[in-house]
Amino acid sequence: MDSPLRGVYHRWMFFLAGPVDALMTAKSQGHLEQQTADQAMSAGYGRYDDVVQTLRQAVAGRRYLCGDQFTAADVLMASYLRWGTMMKLLPALPEFSDYGQPLMERPASLRSIQLNEADLAAQPA
């Protein structure tokens, strides 16, 4: 991507794969309730509410993260928002669904979901 939005793209790719992923892991394991503010900051993601607010502001009223261009950052963001709300690791905010739903309805996304569900159904019980 040779664009002035390259930095924006990299910001979201690394923020999602790093701090957001770590935050969701900590929340899923019940570690956030026990953390002090100093412990949360040293973990690299800060406070839960701050991360949620950052995600909320990033997607509010937006179609894509990088201007008018659909990128892998959108795939990653929509996936984290969908999974995070489904697993109750993120709140079900209207900004998350307004941004993520159209992306999850793209033909390639629907096909990916179908393949994933077929793979899960084929797994032995």
Is there side-chain contact between Leu65 and Val59, with at least one heavy-atom pair below 4.5 Å? yes
If I compare all heavy atoms of Met77 with all of Tyr99, which pair ends up nearest, and what's the gap? CG-CE2, 3.4 Å
Check this for me: Asp119, atom CG, are more than 12 non-hydrogen atoms of other residues, nucleotides or ligands nearer than 6.0 Å? yes
What distance do Thr54 atom OG1 and Asp50 atom CG have between them, rounded to the nearest 0.5 Å? 6.5 Å
Who passes ring pair (Phe, Tyr, Trp, His ring centres under 6.0 Å) against Tyr80, sequence neighbours left out? none
Do Leu32 and Leu23 pass the side-chain contact (heavy atoms from CB on, under 4.5 Å) test, and can you show the C-alpha distance, the side-chain angles, and the key distance before you say yes or no? CA-CA 8 Å; Leu32 294 183; Leu23 177 85; 3.9 Å; yes
Closest non-hydrogen atoms of Leu16 and Ala73, given as atom of the first, atom of the second and distance, are CD1-O, 4.1 Å
Are Val52 and Leu93 packed together at the side-chain level, in the sense that at least one heavy-atom pair is separated by less than 4.5 angstrom? yes
For the CG atom of Asp98 and the CZ atom of Arg62, what is their distance to the nearest 0.5 Å? 14.5 Å
Give me each pair satisfying ring-ring contact (aromatic ring centres under 6.0 Å, His included) with a member in residues 34-65, each pair once, sequence neighbours excluded. Tyr64-Phe70
Could you check whether any side-chain N or O of Thr25 sits under 3.5 Å from a backbone N or O of Asp21, counting only pairs where one atom can act as donor and the other as acceptor? yes
Looking only at heavy atoms, what is the nearest atom pair of Leu76 and Met13, with distance? CD2-O, 3.9 Å
Can you name the closest pair of heavy atoms from Ser97 and Pro102 and give their distance? O-CD, 4.0 Å
Would a single hydrophobic cluster contain both Phe14 and Leu81, if residues Ile, Leu, Val, Met, Phe, Trp and Tyr are joined by side-chain heavy-atom contacts under 4.5 Å? no
Once rounded to the nearest 0.5 Å, what's the spacing between atom SG of Cys66 and atom CG of Asp74? 6.5 Å
Given Leu103 and Val75, is the side-chain contact (heavy atoms from CB on, under 4.5 Å) satisfied, shown in steps? CA-CA 7 Å; Leu103 296 173; Val75 173; over 6 Å; no
Please name all residues satisfying side-chain hydrogen bond (donor to acceptor under 3.5 Å, both in side chains) with Arg56, sequence neighbours left out, ordered by chain then number. Glu95
Going from OG1 on Thr71 to CZ on Arg6, what distance comes out if it is rounded to the nearest 0.5 angstrom? 13.0 Å
Can you tell if the side chain of Leu90 reaches within under 4.5 Å of the side chain of Phe96, non-hydrogen atoms only? yes
Taking all non-hydrogen atoms of both residues into account, name the closest pair between Met24 and Leu89 and its distance. O-CD1, 3.9 Å
Met86, Leu55: one ILVMFWY side-chain cluster at the under-4.5 Å cut-off? yes
Nearest non-hydrogen partners of Lys88 and Lys27, listed with the distance: O-CE, 4.0 Å
